[in-house]
Structure formats: C-alpha cells, structure tokens
2 protein chains.
Amino acid sequence: MPRILDAAARDRAVIDAAWQVIAREGITALTVRRVAAQAGLAPSSLRYTFPSQAVVREKAIIAVSEHLSGRVAALPAGLTGRAWARAALLELLPLDQQRRLEMEVFLAFGMAALADETLQPLWNATDAVVRDVCARAIEAAKGEAAGGEAGPHLDRLHALVDGLAFHLLVRPDQQDGWAQTVIDRELDSLL
Amino acid sequence: MPRILDAAARDRAVIDAAWQVIAREGITALTVRRVAAQAGLAPSSLRYTFPSQAVVREKAIIAVSEHLSGRVAALPAGLTGRAWARAALLELLPLDQQRRLEMEVFLAFGMAALADETLQPLWNATDAVVRDVCARAIEAAKGEAAGGEAGPHLDRLHALVDGLAFHLLVRPDQQDGWAQTVIDRELDSLL
DNA sequence: TTCTTTTCCGTACGACTGTGCGACTAAAGG
DNA sequence: CCTTTAGTCGCACAGTCGTACGGAAAAGAA
C-alpha cells in the first residue's frame, strides 16, 4: 500500500476549494474542473475521492452544518442563559470571513435546492441545525421558565436570523454593531 | 414595414419565460436556449430582441422591481396608516404563485449578484424598492409622529421581510397565517 | 406584380461541461 | 531485485453553452 492518502485532509481541502469557488464565482461555477484547479489537483485526481459533481455538492453542504454545529458546541462553557443565546446566534451570522463563507454557501445551496430536489434533504438538515440553535437560544434566553408555545417565537427568530445573514452578505456597507443590536433587541422582546 | 412586432408584448413574454425557467430549474438553467424554448421561440429569434444572455438577465431582474413597486402602488386608495403598512409588506412576501415567482427570482439574483458584479447595480435597485416599501410602512404604522431615527427599525424590518420571504420559499410546509402573524407583531412592536 | 424592410431561424464555431477509461507513477511487501 | 496496489492523470466522447452570420419568409409600398 503506497502513498497513503489522508482521506480526511483531502476531503477538507476539496470542500474548502468548493466553498472558495462558490464565494468567488457563484454556485453556477461549482464545476469539477474549477474545484480541482482551486484545490491544486487534476480533475481526474479529484474524481478519485469525489467520483461525481453531485458528491462535491453534497459534501460541501454537509460540511456547512458540521461547521455550524461544531462552532456552537465549542462556545465557552461558562456561557449560560442570555449570554449563551447571544453568542450562539452570532455564530449564525456572517460577521467574519469564515462565517461569511459558510453563510454564502448555505444560502446559495438553499436557493439551489429550490430547483434541485436531490439537494433538499441535505440542505434541510443544515437548515434544521440553524433552527435548532435558534430554538435553544430562545430557551436559554427565557430562562428555566420555558415550555409553552415556542412556535411563533421560533419562526420569527429563525426568519430574522436568516434575513440578517442575507443582508450582511449582500449589503456589507453597514456599520459594525448593527446586526448585534438587532439580535439584542430580539432577545429583549422575548421576555 | 411588415410583420410589426409588439416589442412590449414580446418583452413580457420572454421575461415571463425567464422567470419560469428560474423558478423551475434554478438560475443555473437561465440559458438562451431554455428561455427561448419556454417562450416558444427559436433561440435565434429570441436574440433579435434580447441580443445576449446578459440582456435577458438584466430585463428579468428589472421586471421584478417594476412588478413590486407597481403592485404596492396599486393598493386600494382607502388604505392608510397601519392597514396600508400591513398590506404593503404582505406584497413583499411570496403568499401566492405570482409573488412566489417574483421573490424566487429576486433572491436568486441576489445570490447571483454576490459573484457577478455586473448584476449588482440592477439588483441593488430592486433591493432599494423593497427597502423603500419597508421605510414607508414604518412611517405609515407610526402615524404622523414619524421622523426620528428610522435606521434600526428599518434595518430590522427589512431583514425580517427578506428572511420571511426566504423561509416561505424554502419551507412551504407552514400553516397559512404564520407570516402575517409575524408581520402584525412587528408592526405592534413599532409603537 | 416587384421591391423593400422587418422579423425569423438554421447552421456553425469554439469553449466548456460531466464522465469513462486506461496508462502511468510511486511506495511498501516479498 | 520484482510484484502489487493506492493514487494520479491524460485523453476522448457526447452534450450544452453563447454567439455570429446569412439566408428565408412575410407583409406593406410601389
């Protein structure tokens, strides 16, 4: 067995290349050849671990949900209650380059999934991660006295978070603290 | 001068075809050949009035802003204050097939414009229409006593409207009055 | 009728796409 | 040394893309 390939590292490199291509050229440009070029591979080499374009798409969107839930799980253990809610929700917004990349891929696939039903289960799973973070943020912010009808609050917060993410991507000429302020007011309104 | 072409009717037909293609197959499939087929034209005939793919894209996104502002302007004249604000904001949500089509095209171009800077001025103009409707809704809901700092409220409402639109597209399995309820609560919170 | 102008469309070209296939290379076991 | 095997990659095929070009068709003007 020669030249053992670190499959996980290869996956990470290719997925990162796919994200870069999506962010720079749009999801239309997510082609085997472009991803391979971005990753520094020959297209035929890329196909050794990603046998088809569909696999590239699938792993790229799955990686978004893994990154999101991983980052929320890695929040400082000391955070509780409203502080945790605030920090968790901010992990869902494109407030730095890394989060911007993730949200760009997330929303691009969300629109793509509208027309490509093979993408829907994967994207819905990622969407469910976001929704779950929102739900836990509501619980945390409300304190122990939770329960009741979380439906309207959750729908509203979830829509607001995705709307904020979209606006931060598409209208980056905002002053810095804007989105945080909106989140803070939303948390206030929960009480 | 033979066979006089109704340029406006042709434009409408082609733009509608482009919208249908985007809604059914995604913005990746917005090709000259597919739009022509959807419009019942030969690709070469389409190019007589739409000389390039870029023109198709441009007219398709411009038409969104025209439809949106036209529909808001056509609201019953009797509506004022909060009732007008509610009705105007609901025109920005995909609550029927026509509005769904418009918002699907609007958001698809919004993501596409992230990677195609030639699309940005046109999409920003459409975004400005949405934002203007939000601003006027805030004024109307607040009553005559307007002025002051509309900034945070506007940013928040605008993000909420686009987030609601996105969620209605992508998670259509909601009970009916959900989005209206969210809008009503948002209008309440303005007072 | 013939002309003239507008509209339509068939055809072709080069570029790019996803994918299949087979040859090649490099390293570990014998 | 040779063999085996995981990994790399060149090449080719068929399909689609945007676009250019030139001729056919249609209808009012003469």
Side-chain angles (χ1 to χ4, degrees), chain A residues 1-22 24-61 108-109 112-113 115-119 122, chain B residues 1-22 24-61 108-109 112-113 115-119 122:
Chain A
M1 301 160 183
R3 222 176 343 179
I4 345 111
L5 175 66
D6 184 342
R10 168 63 58 89
D11 267 29
R12 263 182 278 120
V14 172
I15 288 169
D16 183 69
W19 285 15
Q20 299 288 344
V21 169
I22 291 174
R24 179 163 25 86
E25 311 180 56
I27 206 168
T28 303
L30 191 70
T31 68
V32 172
R33 282 171 174 83
R34 281 186 221 245
V35 172
Q38 175 75 31
L41 295 174
S44 301
S45 302
L46 172 62
R47 293 195 68 239
Y48 184 69
T49 43
F50 292 70
S52 74
Q53 190 197 29
V55 173
V56 177
R57 281 197 299 253
E58 292 160 12
K59 293 199 181 183
I61 179 61
F109 273 111
D116 182 353
E117 57 187 11
T118 73
L119 247 37
L122 294 168
Chain B
M1 304 156 179
R3 223 178 342 182
I4 345 110
L5 175 66
D6 185 340
R10 167 62 59 88
D11 267 29
R12 263 182 278 119
V14 172
I15 289 169
D16 183 70
W19 285 15
Q20 299 288 344
V21 169
I22 292 174
R24 178 161 28 85
E25 309 181 55
I27 205 168
T28 303
L30 190 70
T31 68
V32 172
R33 284 171 172 83
R34 280 184 221 245
V35 172
Q38 175 76 29
L41 295 173
S44 302
S45 302
L46 173 61
R47 290 194 72 240
Y48 184 67
T49 45
F50 291 71
S52 74
Q53 190 196 31
V55 174
V56 176
R57 281 197 299 253
E58 291 160 13
K59 292 200 184 185
I61 179 61
F109 272 113
D116 182 353
E117 58 187 11
T118 73
L119 247 37
L122 293 168

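By convention in this document, chain letters (A, B, ...) are assigned in the order of the sequence lines, proteins followed by strands, and residues within each chain are numbered from 1. As a basis for the values below, the full set of heavy atoms in this structure was taken, side chains included, without hydrogen atoms, waters or symmetry mates.
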Q: On the side chain of B:Ser44, is there an atom forming a donor-acceptor pair with the base of C:dG10 - under 3.5 Å, no angle test?
A: yes
Q: Classify the side chain of A:Arg47 versus the base of C:dG18 as yes if they form a donor-acceptor pair under 3.5 Å and no if they do not.
A: no
Q: Answer with base, sugar-phosphate or nothing: what part of the nucleic acid does A:Thr49 contact at a heavy-atom distance below 4.0 Å?
A: nothing
Q: Looking only at the side chain of B:Tyr48 (C-beta and beyond, no hydrogens), which of the listed nucleotides C:dT7, C:dT19, D:dT8 gets closest?
A: C:dT7
Q: Taking CG from A:Leu46 and P from D:dC9, how many angstroms apart are they, rounded to a whole number?
A: 11 Å
Q: Could you state the CG-P distance from A:Leu41 to D:dA6, rounded to the nearest angstrom?
A: 19 Å
Q: Can you name the nearest heavy-atom pair linking A:Leu119 to A:Ala112, along with the distance?
A: CD2-CB, 4.2 Å
Q: Looking at C:dT7, C:dT19, D:dG18, which one has an atom nearest to any side-chain atom of B:Leu5?
A: C:dT7
Q: Under a 3.5 Å distance rule, please check whether A:Gln53 uses its side chain to pair with a backbone N or O of A:Leu30 as donor and acceptor.
A: yes
Q: Rounded to the Å, how far apart are B:Arg33 CZ and C:dG10 P?
A: 12 Å
Q: Rounding to an integer number of Å, can you tell me how far B:Glu25 CD sits from D:dC17 C1'?
A: 14 Å
Q: Determine: side-chain N/O of B:Arg10 to OP1/OP2 of C:dC8, distance under 4.0 Å, yes or no.
A: yes
Q: Please classify the nucleic acid contact of B:Ser45 as base, sugar-phosphate, or nothing, using heavy-atom distances under 4.0 Å.
A: base
Q: Given atom CZ of A:Phe50 and atom C1' of D:dG7, what is their separation to the nearest angstrom?
A: 15 Å
Q: Given atom CG of A:Asp6 and atom P of D:dG7, what is their separation to the nearest angstrom?
A: 10 Å
Q: CZ of B:Arg34 versus C1' of D:dC17: gap in Å, rounded?
A: 10 Å
Q: Mind checking whether B:Thr28 and A:Asp116 have side chains closer than 4.5 Å, heavy atoms only?
A: no
Q: From C-beta outward on B:Val32, which listed nucleotide comes closest to its side chain: C:dG18, D:dG18, D:dC9?
A: D:dG18
Q: For a 4.5 angstrom cut-off between non-hydrogen side-chain atoms, does A:Phe109 reach A:Ile22?
A: yes
